Amino acid sequence: MPSNSHFTSKQNAFSDLSCIACENKNCLINRNLQTFLDPDFTKNKSTLKCKKGQQFIMEGAPVNGLFFILKGTVKVIRTGINGREQIVRFAKEGEIIGHRGFGTEEYYSIGAVALKDSVLCYFSKESLQNVLLQNSKMAYEMMLFYANELNRSENKVKSISQMTVRERVIDTLLYIHRKFGDLRGFLNLPLSRREYADYAGTTEEQVIRVFSALKKENLIIAQGKKIGIPDLQSLKREISEHNYFLDT
């Protein structure tokens, strides 16, 4: 059990969810099951349940391992200027959480909060490092993962520095659409106006103003937290010069 988690013994009730029985083909561990030299590697994981709104990685806590999302959705956060929360990214099933400090730092530079009830597979840093030293295919896939993450981070910095507030909010809407898709006409990840602001690098008041303008222009529809995009191509054209498709 990771020492920096907020799980109780009752919440650690998913030990029967083995990697062999897992159907999550997006998971790095699942894709490499047949290549592990140590057949007991996956038996040493912890499978943890996290309730909606629960923070399971605290910024500044010791890095003891990595989390792989089996089910659910997570936001990755860090503390910005004046202690304000910044959302670094959103993660879904099959993605890795906590990798920024893996192998290079002693403490997490980010925090992580479940946006929905989630199930997380946790592997210790030591066991993962041993597998990566033995398994060239998995080490190569991990390298590609870090390269893609670096590319996304650089694109995020570029968008914040070159886009207007309106463009950043639109970019955020399109990012959520690409990553999570639609559910009955609305983005399949309901977020608060504050969370949109924390990801777009602006204020809640600015997000409300932009949403109001976009609604008047029939570029979005809104019902509480639910946001729909009735004309995706028109919204894409708003930021086409910034290559919106680079961040997925």
Side-chain angles (χ1 to χ4, degrees), residues 1-2 4-5 7 11-52 54-57 63-77 87-104 108 110-153 175-176 178-181 183 188-189 247-248:
M1 175 73 68
N4 57 298
S5 72
F7 295 101
Q11 290 170 318
N12 186 20
F14 291 82
S15 58
D16 58 328
L17 294 177
S18 69
C19 289
I20 295 175
C22 179
E23 298 180 355
N24 193 338
K25 301 305 179 184
N26 292 323
C27 177
L28 180 67
I29 301 296
N30 190 298
R31 292 201 306 267
N32 288 276
L33 279 178
Q34 304 304 318
T35 65
F36 295 142
L37 298 178
D38 180 5
D40 293 327
F41 162 66
T42 59
K43 296 179 182 179
N44 296 324
K45 73 169 184 176
S46 298
T47 310
L48 311 163
K49 182 179 180 182
C50 187
K51 293 293 186 181
K52 178 181 178 180
Q54 185 174 359
Q55 185 164 354
F56 60 92
I57 295 180
V63 176
N64 295 314
L66 295 183
F67 293 87
F68 295 76
I69 304 176
L70 177 62
K71 293 181 181 180
T73 306
V74 169
K75 66 177 178 180
V76 179
I77 59 176
I87 298 179
V88 177
R89 69 185 178 106
F90 297 97
K92 60 182 181 179
E93 295 175 2
E95 297 193 32
I96 303 171
I97 302 294
H99 57 278
R100 287 177 180 267
F102 180 72
T104 58
Y108 288 110
I110 53 89
V113 179
L115 290 174
K116 301 178 180 177
D117 289 354
S118 301
V119 180
L120 309 163
C121 297
Y122 174 85
F123 289 86
S124 72
K125 181 168 64 174
E126 181 180 2
S127 64
L128 278 172
Q129 287 174 338
N130 288 336
V131 165
L132 289 171
L133 287 171
Q134 298 169 6
N135 190 319
S136 59
K137 181 177 180 294
M138 185 169 171
Y140 177 71
E141 287 198 33
M142 182 68 85
M143 181 191 72
L144 292 179
F145 167 76
Y146 274 100
N148 287 331
E149 284 296 301
L150 178 60
N151 184 46
R152 291 188 182 101
S153 296
Y175 162 68
I176 298 299
R178 290 193 303 278
K179 193 173 185 73
F180 298 97
L183 179 63
N188 195 18
L189 182 65
D247 186 11
T248 56

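Bear in mind that the values here come from a model prediction, so they are computed numbers and not experimental data.
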Which heavy atom in [X] sits nearest to a heavy atom in [Y], and how many Å separate them?
{"X": "Gly72", "Y": "Ser118", "value": "CA-OG, 3.4 Å"}
{"X": "Phe56", "Y": "Cys50", "value": "CD2-SG, 3.8 Å"}
{"X": "Thr42", "Y": "Phe123", "value": "CA-CE2, 4.0 Å"}
{"X": "Cys22", "Y": "Asn30", "value": "O-ND2, 3.0 Å"}
{"X": "Ala112", "Y": "Ile77", "value": "N-CG1, 4.4 Å"}
{"X": "Asn24", "Y": "Gly94", "value": "ND2-N, 3.2 Å"}

Does any non-hydrogen side-chain atom of [Y] lie less than 4.5 Å from one of [X]?
{"X": "Met138", "Y": "Leu28", "value": "yes"}
{"X": "Ile29", "Y": "Phe68", "value": "yes"}
{"X": "Thr73", "Y": "Phe180", "value": "yes"}
{"X": "Cys19", "Y": "Leu33", "value": "yes"}
{"X": "Val74", "Y": "Leu115", "value": "no"}
{"X": "Asn32", "Y": "Met142", "value": "no"}
{"X": "Gln55", "Y": "Val113", "value": "yes"}
{"X": "Ile97", "Y": "Arg89", "value": "yes"}

Tell me, please, which residues at least two apart from Glu126 pass salt bridge (Lys or Arg N to Asp or Glu O under 4.0 Å).
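If we apply the salt bridge (Lys or Arg N to Asp or Glu O under 4.0 Å) test to Glu126, skipping adjacent residues, there are no hits.
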More than 12 heavy atoms from other groups under 6.0 Å of NZ on Lys137:
yes
Hey, could you give me the CD/CD distance between Glu95 and Glu149, rounded to the nearest 0.5 Å?
7.5 Å
Using 0.5 Å steps for rounding, measure from the CG atom of Asn130 to the NZ atom of Lys125.
12.0 Å
Say whether, by atom type as modelled, one donor and one acceptor occur between the side chain of Lys92 and the main chain of Lys179 under 3.5 angstrom.
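Yes, because the side chain of Lys92 sits within donor-acceptor range (under 3.5 Å) of the backbone of Lys179.
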Please confirm whether the backbone N or O of Lys51 pairs with a side-chain atom of Asp117, one donor and one acceptor, at under 3.5 Å?
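No: the side chain of Asp117 does not pair with the backbone of Lys51.
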Run Thr47 and Leu120 through side-chain contact (heavy atoms from CB on, under 4.5 Å) and show every step you take.
CA-CA 6 Å; Thr47 310; Leu120 309 163; over 6 Å; no
Below 30° counts as parallel, above 60° as perpendicular, anything between as tilted: where do the rings of His99 and Phe145 land?
perpendicular
